[in-house]
> 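Provided herewith is a single structure, encoded as structure tokens, for subsequent inquiry.
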Amino acid sequence: MSLIVQKFGGSSVANKERVMNVARRIVDTYKNSNSVVVVVSAQGDTTDELIEKAKEITNSPSKREMDMLLSTGEQISISLLAMAIHELGYPAISLTGWQAGMNTDSSYSSARIGNIDVSRINKELDHKNIVIVAGFQGINRFDDITTLGRGGSDTTAVALAAALRADLCEIYTDVDGVYTADPRVVKTATKMDTVSYDEMLELASMGANVLHNRSVEMAKKYNVNLCVRSSLNNNPGTIVREVKDVEKMLVKGVAHDYDVARIALCDIEDKPGVAFRIFSLLSQKGINVDIILQSIGRENKKDISFTVTASNLENAVKILEDNKESIGFNEIKTRDTVAKVSIVGAGMVNNPGVAAKMFEALYEAGVNIHMISTSEIKVSVLISERNVEKAVNAIHDKFNLGN
């Protein structure tokens, strides 16, 4: 007998027909003599609708109360799914995050999982129940409900798979695996049979919206067997696993991300400690910085440019303006009409010329590069957002990823 954790996203349970479809899929897994734990997101646009309800009351709700509100979306999903499984004649029980033992810190709206007490889940599995757990939520030391932030249900599923030592964790979405590029943008994109944890982590971080990067980090850390599949068909999915031999591997995929903004601080005094001051200020406020570019300098002055998420732009600018005198810059320039395009491949570090080939593709497509960032398994460029589709297709074709 195997223990399988299955996660279904909001689109997979968006209406009655899809809830029944998911229930049948879960029952099929259960009938094959498997123990099954299911993690579910809120139905369809429920979370967005709850956020709008909050806005009807206030423009600045407390994060604690928002967690209280948003957690109800998953509770609707788990109870309906349990009812659907009962209707098919099989035993199921729904559990909220706190009932499932999901203990977190107290960072409301972006909580981190501290530990999981799986005793209740194991008790229900011993009673031959299919256990349906609310994703995206947990409980802190004050007995307050917390939510895990973006991608929280993926993280819940992988964390449970690790804690329960599950044989497999299946992530069901509205696509049937991980593609070499977004198939809505690149018509020749192909599904990958396997992808390494590191490659999947970079693809997720660079904008591929199949798995959240926090869940991939956890899967890698605890060596969770992960499979991305479609809830709408029975096609084989993409296996995410550790890959040992990367010498022959090249570019596996192209990702793009519109949630990017560029900030440039001009005429900063060229002396030690300035960069530390800038980025420590942003770090203290929880603002992550991605691509960084510093000019050589002129007349004891230099410019520093970097990217943040578009949603953090306004906050980042305010922090920097409030500390203008201590940082010592003359002018701050911003641009939010940019996007990031990245190539990812675990063997890139051992294959010279990969970056040059990417730049050649962009040159041939007439796409200008604003900033560049590289690592052992990725190359990212910042370009104008209007050129994203053209750039991604050009790079995908240059590396022959459609074949």
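Keep in mind that this is a model prediction, so the values were computed, not measured.
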> Do Ile291 and Ile372 come close enough that some side-chain heavy atom pair is under 4.5 Å?
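Ile291 does not reach Ile372 side chain to side chain.
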
> Looking at Asp154 and Arg214, does any basic side-chain N land under 4.0 Å from a carboxylate oxygen?
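Salt bridge flag = no for Arg214 with Asp154.
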
> Using a 6.0 Å cut-off, check whether atom CG of Asn233 has over 12 heavy atoms from anything other than its own residue.
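Atom CG in Asn233 is crowded, with more than 12 foreign heavy atoms closer than 6.0 Å.
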
> If you measure from the Lys or Arg side-chain nitrogens to the Asp or Glu carboxylate oxygens, is any gap between Lys55 and Glu52 under 4.0 Å?
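Yes, Lys55 and Glu52 are salt-bridged.
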
> With a cut-off of 6.0 Å (strictly less than), are more than 12 heavy atoms of other residues, nucleotides or ligands near CZ of Arg386?
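Counting neighbours around CZ of Arg386, 12 or fewer heavy atoms of other residues, nucleotides or ligands fall under 6.0 Å, so no.
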
> Shortest non-hydrogen contact from Val195 to Met200?
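Shortest heavy-atom contact: CG2-N, 4.0 Å.
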
> Between the side chains of Glu269 and Lys301, is the shortest nitrogen-to-carboxylate-oxygen separation below 4.0 Å, so that they form an ion pair?
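Looking at Glu269 together with Lys301, the answer is no, because their closest N to O distance does not fall below 4.0 Å.
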
> Between Asp105 and Arg112, is there a side-chain N and carboxylate O pair less than 4.0 Å apart?
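Salt bridge between Asp105 and Arg112, a charged N being under 4.0 Å from a carboxylate O: no.
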
> Just say parallel, tilted or perpendicular for the rings of Phe279 and Phe306, cut-offs at 30° and 60°.
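Ring orientation, 0 to 90° scale: perpendicular.
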
> Have Thr309 and Asn312 got a donor and an acceptor in their side chains that come within less than 3.5 Å?
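Checked: Thr309/Asn312 side chains pair up, N/O donor to acceptor below 3.5 Å.
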
> Is it the case that over 12 heavy atoms from other parts of the model lie below 6.0 angstrom from the CD atom of Glu314?
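No, CD of Glu314 has 12 or fewer neighbouring heavy atoms, counting only those of other groups under 6.0 Å.
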
> Please find the pair of heavy atoms, one from Phe142 and one from Ser106, that lie closest to each other, and give the distance.
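Reported closest heavy-atom pair: CE1-OG, 3.5 Å.
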
> How long is the straight-line distance from SG of Cys169 back to CG of Leu164, given to the nearest 0.5 Å?
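Between Leu164 CG and Cys169 SG, I get 10.5 Å after rounding to 0.5 Å.
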
> Output yes when a side-chain donor or acceptor of Thr238 lies under 3.5 Å from a complementary backbone atom of Thr194, and no otherwise.
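No; zero donor-acceptor contacts below 3.5 Å.
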
> Any side-chain heavy atom of Gln294 sitting closer than 4.5 Å to one from Lys302?
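Gln294 reaches Lys302 side chain to side chain.
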
> Identify the heavy atoms of Val338 and Ala261 that sit nearest to each other, and give their distance.
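Here Val338 and Ala261 meet closest at CG2-CA, 4.1 Å.
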
> If you define the side chain from C-beta out and look only at heavy atoms, does anything of Ile319 sit under 4.5 Å from Glu321?
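With C-beta onward as the side chain, the pair stays apart.
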
> Indicate yes or no for a side-chain donor-acceptor contact from Arg18 to the backbone of Ser11 under 3.5 Å, with no hydrogens or angles considered.
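Between the backbone of Ser11 and the side chain of Arg18 there is a qualifying donor-acceptor contact (under 3.5 Å).
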
> Using a 4.5 Å cut-off on heavy atoms from C-beta on, say whether the side chain of Ile121 contacts that of Leu160.
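Leu160 reaches Ile121 side chain to side chain.
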
> Considering only heavy atoms from C-beta outward, does the side chain of Ile395 approach that of Ile343 to under 4.5 Å?
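Yes, close enough: below the 4.5 Å cut-off.
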
> Please confirm whether the backbone N or O of Ser196 pairs with a side-chain atom of Glu199, one donor and one acceptor, at under 3.5 Å?
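Flag set: sc Glu199 to bb Ser196 pair under 3.5 Å.
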
> Take a 6.0 Å sphere around OH of Tyr258 and say whether it holds more than 12 heavy atoms from other residues, nucleotides or ligands.
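More than 12 within 6.0 Å, yes.
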
> Can you confirm whether Asp257 sits close enough to Val260 that some side-chain heavy atom of one is under 4.5 Å from a side-chain heavy atom of the other?
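Sidechains of Val260 and Asp257: in contact.
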
> How about Met66: does its CE atom have over 12 heavy atoms from other parts shown lying under 6.0 Å from it?
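Check passes, neighbour count above 12.
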
> Consider only side-chain N and O atoms of Gln6 and Thr29, and report whether a donor and an acceptor are under 3.5 Å apart.
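A donor-acceptor contact under 3.5 Å links the two side chains.
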
> Is Asp67 salt-bridged to Lys63, cutoff N-O under 4.0 Å?
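So Asp67 does not pair with Lys63 through a salt bridge.
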
> Restricting to non-hydrogen atoms, name the atom on Ser41 and the atom on Lys7 that form the minimum distance, rounded to 0.1 Å.
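So the two residues come closest at OG-CE, 3.8 Å.
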
> Taking all non-hydrogen atoms of both residues, which atom of Pro91 and which atom of Asn129 are closest, and how far apart?
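For Pro91 versus Asn129, the nearest heavy atoms are CB-OD1, 3.3 Å.
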
> Do you know the tightest heavy-atom contact between Ile377 and Asp198?
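Nearest pair, atom of Ile377 first, then Asp198: CD1-O, 3.3 Å.
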
> Apply salt bridge (Lys or Arg N to Asp or Glu O under 4.0 Å) to Asp290 and Lys340, showing your working.
CA-CA 10 Å; Asp290 188 13; Lys340 183 169 58 179; 2.4 Å; yes

> So does Gly152 get a backbone contact from the side chain of Thr156, meaning a donor-acceptor N/O pair under 3.5 Å?
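Yes: the side chain of Thr156 pairs with the backbone of Gly152.
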
